[in-house]
Structure formats: structure tokens, C-alpha cells
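Reading through the C-alpha cells given below for one structure.
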Protein chains: 2
Amino acid sequence: MTDVQTRKLTRIQREKREVILQAALNAFSVHGLRGATLEKIAVEAGMSKPHVVYYFGSKDAIYTELLESLLEIWLSPLRDISPQGDPLAEILTYVRRKLRMSQEMPRESKLFATEILHGAPRTGASLSGDLKELVDEKADVISRWSAEGRLARIDPHHLIFSIWAMTQHYADFDVQVRAVLGAPDDAALFSDADAFLTDFFVRALRPTAT
Amino acid sequence: MTDVQTRKLTRIQREKREVILQAALNAFSVHGLRGATLEKIAVEAGMSKPHVVYYFGSKDAIYTELLESLLEIWLSPLRDISPQGDPLAEILTYVRRKLRMSQEMPRESKLFATEILHGAPRTGASLSGDLKELVDEKADVISRWSAEGRLARIDPHHLIFSIWAMTQHYADFDVQVRAVLGAPDDAALFSDADAFLTDFFVRALRPTAT
DNA sequence: ATATTTTTTGACCAATTGGACAGAAAAATG
DNA sequence: CATTTTTCTGTCCAATTGGTCAAAAAATAT
């Protein structure tokens, strides 16, 4: 076997691959797929360029693997919305988890953002497949809540878009946010954002008294 | 003079430059600065590669010129928020104008998005300068409205961020939006988004009856 | 220790690409 | 018409870059 496959990996192999993936995440999230070079990734990973290729075969493969391995964790907050819970609480929890992910995983957020911004050439299938299915399912739950009068009447798909947009904004466009706010520290910024979003969504989603 | 400068341009020069800028906007908004090639821009503009260089000097110069020339129009809706108008109406108008810009100028939106996503290396000054100044000014207006009880009490900066995020989302991540919604036509999508955002911001911003 | 497999790299290559250059073509100027 | 200036392109170049290859080094197995 001339290529390191993903099937049966030794501990060392898994660690090396992880180091490369982290270095690649740094590079890709800042410069995009074309902007990041194998050279840079290799240097940051502390190994030679051919060694990186030895482990992944190509730059593209690293990028794709990153996206795929992150998709699961990326969607988990949405997946965890429970039809059994309290509607407003469930959605607020979702909003806050997404915001926390923006704070703790900004590189991953930017990786997805650039990918989709550029047309999602290697994610398109997932988008209209798994993602659409999951979103439709949760949209149904939200619709039911609205119909039962436990939540404001609102388009559930666009509601989900708005949550994505507002929470990811703090990671993807942090440079702009920080420039406008005058470079606040991370804790303060995300604390303010949390308060704002909570308040905002409570207002928008609380069912109107009849 | 060996380079075409921006001072005194003939009609023909202005037209040629405009053709190049349009071609470049197409390329940059899809592939980003590094992903777009001079070759592609030249082909799409219907001229040779050195001709493009003749007019702008470098690929970077085209990119920078695009950003600069668009900044003005991009911020105009925010600039037009009037302290004299009705608070809710002013903000709803702003939201709708931003949404319309997402619909009519998605390439421009993506151009800014990629630029900021990648750290705004050639826009940073504008962000913490002109942009911050403008946003602070309008935030003050919104704060006053809130204090006067004409608008919900809300953090004005984060409100502006949320408007940016939600409206630009429809342009920047349209691939994802369309995938999830099942490829609706443009008119239907933006009509729905308009209805959603209007309703959403009315709920969130209407002052609570005391 | 010896053989074998796996890991790691230096040297190299082909393709891409931004752009320099010289000069042709066209237009403006006299 | 002649000349000068502007517009435009074919050709070429140097730098970058993704990736190959042979072989060294290290680890593992016998």
C-alpha cells in the first residue's frame, strides 16, 4: 500500500494526520483553498511538503476531509432540538450553542463560510441531501409549535437561516465586528452578543397573547 | 505616461475600465482574489491579458479599485437612516434596502464577504475608520429612539450587525439557502425573505407597551 | 543482526500564472 | 500625409506551487 488510508490507523498515524489537519484548518480558514499553500501547511505542521502529501495524497483531499469530518459536529446543535422540550427554550438553547461555536471554533466557521460562499463545489450534495432533510425535519417541529400557539407564527426555514446568519456573523466577520466595536476582548464581545440574541429572539418568538 | 490613471479619462477609457471591472467582479466574487486569474478576467472582458494590465497595472489594483468604488454605494442605505423619520419605519426601510441589494447585487455582497472573511487586509483602515464612524453615528440615533420609548430597548450596534447578517446571508450563502429550500426562483425567495424579515424586526423592535 | 516495511525528506518537474517587453495597429495631432 | 501618441497583443519570463520520485532514515518483524 503506497498511500495512508483511513481504515486502520495506528496511534502515531492518527496523531500525524491530526497535526496536519489542524495546520490546514489554520491556513484554509484564513486564506481559502487556493490561497493556502502546501508549503505553509507543511511548515506549520512541522514536516516536509512531501510528507503532507504522503498522508493525504493531495491538498484537495485535506480540504475535503476537513469539511466532512466537521460537518457532523457542526450540525449537532440543530440535531439536538427536541420536539419534547419547551419551544422557546429549545430555540434559545440552539441559538446559544451556535453562538458558542462561533466563539470557540471560528476557524471551522470560516472554513464552511468560504466553501459555501464559493458555491459549495464539494459540499453541494450534502447541502441538498442531509442538510435539507435535517432542516426540513426541525422546521416541521417549529411549525407544529407555532400551530399550537406555543411560539409566534413564523416561517421556520427563514427562522433557522436567521439564526445561522446572526450567530456565524460573529465568527466569519469578526474583523469587521471588532473594528466597529473598537476591539473588545473576546469574553465581553460574546457575552454582549449572547445577551442581545437572547433578548432579540425572545421578543421575536414569544407567542402573541390572544 | 505609461499607465492609465484615474484622473482624466476619455469616454472610451471609462468604458473599457468598466468592462474589465465587471468581468473582474464576476471572477472575484466566485473564486476570490487568488482563485480568479488575469487570464479569465481578460477572456471574459474580451481582450488580451496585457491589455487588462495596461489599464489597471495589476490584478491587485483591480480588486482594490472594485472594493473602493463599491464601498460608497454599499453603505448608502445605512447612511440614509434619518433621525427625523419614524424609528420603526426607518429601520424597516433599511432592512429592506439591504435585502434588495442582496438580491440585485449578490456579486458585490460576496466580494465584500470574502474580503472581510479573509481578514480585510486591504479594507481594515476603512473598517475602523469611516465605517466605525458611520455605525457609531447611527447607533446613537437608535439609542436615542430607544431612550425616548419609540423603539424597544436594544443594543444598537448588535442590531445593526444582525441586519447585516440576515440580509447578506441571502446573497452570500444563497447556494445553501436554495439547497435547503429546494431551489425556489429568485422572486419567490426574496419575497418570502422580505415578509419574514419585516415581521421579525417589527416583533423585535416595537416598543413594549408600558 | 538481518530483512522488511513504514516514515521522511531533498531534489526535481510540469503547469500555472502575474506581468514585462517590444512592437503592431489604430487613433489623434500637426 | 507624416508624426506622435494611445491602444492593443504575441511572446516570453520568473516565481510560485502542487505533486513525483528515488532514496535515506527509522521502525518493525524475523
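Each chain gets a letter, A, B and so on, in the order the sequences are listed, and its residues count up from 1.
- When atom types are taken as modelled, the side chain of B:S162 and the backbone of B:L159 share a donor-acceptor pair closer than 3.5 angstrom.
- Remark: nothing in residues 35-43 of chain B comes within less than 4.0 Å of DNA chain D through any heavy atom.
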Can I get a per-line list of side-chain donor-acceptor pairs under 3.5 Å for residues 129-143 of chain B, giving both atom names and the distance, sequence neighbours left out?
| residue | atom | partner | partner atom | Å |
| --- | --- | --- | --- | --- |
| B:K132 | NZ | A:V180 | O | 3.1 |
| B:K132 | NZ | B:D136 | OD2 | 3.0 |
| B:D136 | OD1 | B:H157 | NE2 | 2.8 |
| B:K138 | NZ | B:R79 | O | 3.1 |
| B:K138 | NZ | B:I81 | O | 2.7 |
| B:S143 | OG | B:A139 | O | 3.3 |

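- Among C:dT7, C:dG18, C:dA11, the nucleotide with an atom closest to any side-chain atom of A:P50 is C:dA11.
- Residue B:R34 places no side-chain N or O under 4.0 Å from the OP1 or OP2 atom of C:dT17.
- One interatomic measurement links the two molecules: CE of B:M47 to C1' of D:dG10, which rounds to 17 Å at whole-angstrom precision.
- Across the protein-nucleic acid pair, B:I20 atom CD1 and D:dT9 atom P stand 10 Å apart, rounded to whole Å.
- A:P184 pairs by the side-chain contact (heavy atoms from CB on, under 4.5 Å) definition with A:R178, A:L181, A:L189, not counting sequence neighbours.
- Nucleotide C:dT7 holds its C1' atom 15 Å from the CZ atom of A:R17, rounded to whole Å.
- The base of D:dG19 has none of its N or O atoms less than 3.5 Å from a complementary donor or acceptor on the side chain of A:K59.
- OP1 or OP2 of D:dT7 has at least one side-chain nitrogen or oxygen of B:Y54 nearer than 4.0 Å.
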Let me have the donor-acceptor pairs involving side chains of residues 30-47 of chain B, under 3.5 Å, with sequence neighbours excluded, atom names and distances please.
| residue | atom | partner | partner atom | Å |
| --- | --- | --- | --- | --- |
| B:T37 | OG1 | B:K40 | N | 3.0 |
| B:E44 | OE2 | B:N26 | ND2 | 2.5 |

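- Counting only heavy atoms from C-beta on, A:S58 has its side chain closest to D:dG19 among C:dT9, D:dG19, D:dC8.
- Note: CZ (B:R14) to P (D:dT7) measures 13 Å, nearest angstrom.
- Distance B:Q13 CD to D:dT7 C1': 9 Å, rounded to the nearest Å.
- A:F56 has its CZ atom 13 Å from the P atom of D:dG19, to the nearest Å.
- Residue contacts shown for B:K16 are limited to sugar-phosphate atoms, with no base heavy atom under 4.0 Å away.
- Geometrically, B:R17 engages B:F56 in a cation-pi contact defined by less than 6.0 Å to the ring centre and at most 45° from the axis.
- For A:S82, the side-chain contact (heavy atoms from CB on, under 4.5 Å) criterion is met by A:Q84, A:E90, not counting sequence neighbours.
- What separates NE2 of B:H51 from C1' of D:dT11 is a distance of 17 Å, to the nearest Å.
- One interatomic measurement links the two molecules: CD of B:E15 to C1' of D:dT6, which rounds to 16 Å at whole-angstrom precision.
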Name the atoms and distances for all side-chain donor-acceptor pairs under 3.5 Å in residues 91-98 of chain B, with sequence neighbours left out.
| residue | atom | partner | partner atom | Å |
| --- | --- | --- | --- | --- |
| B:T93 | OG1 | B:A89 | O | 2.8 |
| B:Y94 | OH | B:W164 | NE1 | 2.8 |
| B:R96 | NE | B:D194 | OD1 | 3.4 |
| B:R96 | NE | B:D194 | OD2 | 3.4 |
| B:R96 | NH2 | B:D194 | OD1 | 3.4 |
| B:R97 | NH1 | B:D80 | OD2 | 2.7 |

